[in-house]
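Letters go in sequence order (proteins before strands), and every chain restarts at 1.
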Amino acid sequence: MTSPTDASENLVHAVLAAQVAELRNRVDSGAMVELLWRTSDVLAELSGLVAELAGRCHHSNAELHSKCNAAVEAEIDLRQSLESLAFEQAQRNDFICQTVDCVVTALERLAAADVRESPRLSPNDLAALYVSEDQRKVHHAVVRRFSLAGSSGCDGVESLGWERRGK
Amino acid sequence: MPAILVLDDSPTMVMSLSRVLKNAGYEVETAANGKEGMTKLAGGLKPSVILTDLNMPLMDGVAFIKEARKSPATRFTPIIVLTTESSGPKRDEARAAGASAWLTKPTQPDELLSTLKQLLPK
């Protein structure tokens with residue numbers, strides 16, 4: 001049977017999981033990436049029209065012809081930059097979403113665990129959820145910090161709060 | 001025109017990869033995970049190169065590569081892994097499964113296209 005304290009902790013973890021999941025929706029910049037690609041499409045279409053105009057005014061209006069050509073060239077540079085930005089942003093977004101998903105999964109497991117039956121979530125269980133080396137670096141830095149604290153008389157890794165509860 | 005099969009569970013990534021590849025003149029087929037990718041291959045799709053993410057639901061990238069390597073149709077098809085992972089053990093696992101190349105996100109379009117070009121059958 002789950003004690004009131006355990007139930008309260010489970011609730012806290014469930015609330016935190018929901019809050020981080022909500023945060024994920026807010027940081028997801030997929031819509032922005034889509035907008036960048038659409039902007040690139042529209043620019044390409046407009047550039048095509050300007051190029052056609054340049055062709056038509058080649059003899060009748062030299063100044064307009066020159067301006068149109070300059071605009072087409074500027075558009076090519078701008079579109080390349082936009083597309084590189086969209087591609088990079090899509091990857092960064094993917095990285096952020098996967099990292100946040102990892103935290104949500106960990107919190108959901110903590111929320112669902114019956115602490116008397118099994119350890120809630122060991123550092124190794126947590127590490128198995130990681131999707132990048134950056135996460136592992138942070139993990140190792142925290143473990144090292146806890147180990148140092150432990151060697152100076154504090155709880156150390158025990159403070160992660162799972163070993164004491166395991167059978 | 002060479003066809004590329006792209007596997008990624010992020011719709012934003014699929015859209016962005018498709019755009020970059022189509023702009024470079026490739027035909028693109030997509031799948032949201034390894035299982036869907038295998039279904040497309042079983043349906044007769046013959047990509048020149050496969051580009052896959054690692055962390056996907058239902059069937060992840062490594063499991064997909066292992067499955068694809070079992071099929072005579074894709075035993076020698078170049079497979080590029082594009083992932084947030086940069087760790088040595090994960091790379092070794094993917095290489096052992098049969099991956100041909102590895103790119104860590106974020107990568108630039110030029111880097112992706114140059115890797116593709118190197119792996120495309122001559």
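- Looking only at heavy-atom pairs under 4.5 Å with chain B, the residue among A:D134, A:V33, A:V131 that has the most is A:V131.
- In this structure, CD on A:Q89 lies 10.0 Å from OG1 on B:T12, to the nearest 0.5 angstrom.
- A continuous path of hydrophobic side-chain contacts links A:I96 to A:L107 [ILVMFWY only; heavy atoms under 4.5 Å].
- Proximity to chain A (any heavy atom under 4.5 Å) is shown, for B:D110, by neither the backbone nor the side chain.
- Taking 4.5 Å as the limit, every side-chain heavy atom of A:Q98 sits out of range of all side-chain heavy atoms of B:E85.
- Near-neighbour residues of residues 65-79 of chain B relative to chain A, defined by a heavy atom under 4.5 Å from a heavy atom of that chain, are none.
- With chain A as partner, the option from B:M13, B:R19, B:M15 having the largest number of non-hydrogen pairs under 4.5 angstrom is B:R19.
- Contacts between B:L112 and chain A at a heavy-atom distance below 4.5 Å involve the side chain alone, from C-beta outward.
- Between chain B and the options A:E133, A:R92, A:Q91, A:E34, the largest number of non-hydrogen pairs under 4.5 Å is found for A:Q91.
- Closest of all the heavy-atom pairs between A:F87 and B:V20 is CD1-CG2, 3.7 Å.
- Linking Ile, Leu, Val, Met, Phe, Trp and Tyr residues whenever their side-chain heavy atoms come within less than 4.5 Å leaves A:L78 and A:L46 in two separate clusters.
- Side-chain contact check for B:P109 versus A:E83: every heavy-atom pair is 4.5 Å or farther apart.
- No single ILVMFWY cluster, assembled from side-chain heavy atoms under 4.5 Å apart, contains both A:L85 and A:F95.
- Two different hydrophobic clusters hold B:V14 and B:L103 under the rule that ILVMFWY side chains link at heavy-atom gaps under 4.5 Å.
- At a threshold of 4.5 Å between non-hydrogen side-chain atoms, the residues A:Q135 and B:T84 do not count as touching.
- Atom OH of A:Y130 and atom CG of B:N55 lie 14.0 Å apart (nearest 0.5 Å).
- For the pair B:K105 and A:E88, the salt-bridge criterion is not met [side-chain N within less than 4.0 Å of a carboxylate O].
- Close approach to chain A, defined as a heavy atom under 4.5 Å from one of its heavy atoms, is seen in no residue of residues 26-49 of chain B.
- Across A:L36, A:D28, A:D41, the residue that shares the most heavy-atom pairs under 4.5 angstrom with chain B is A:D41.
- For the pair A:W37/B:S16, a side-chain contact is recorded, criterion being any heavy-atom separation below 4.5 Å from C-beta on.
- Follow the hydrophobic side-chain contacts under 4.5 Å out from B:I4 and you never reach B:I50; the two are in separate clusters.
- The greatest number of non-hydrogen atom pairs below 4.5 Å with chain A, out of B:S87, B:S10, B:S86, B:P11, is found for B:S87.
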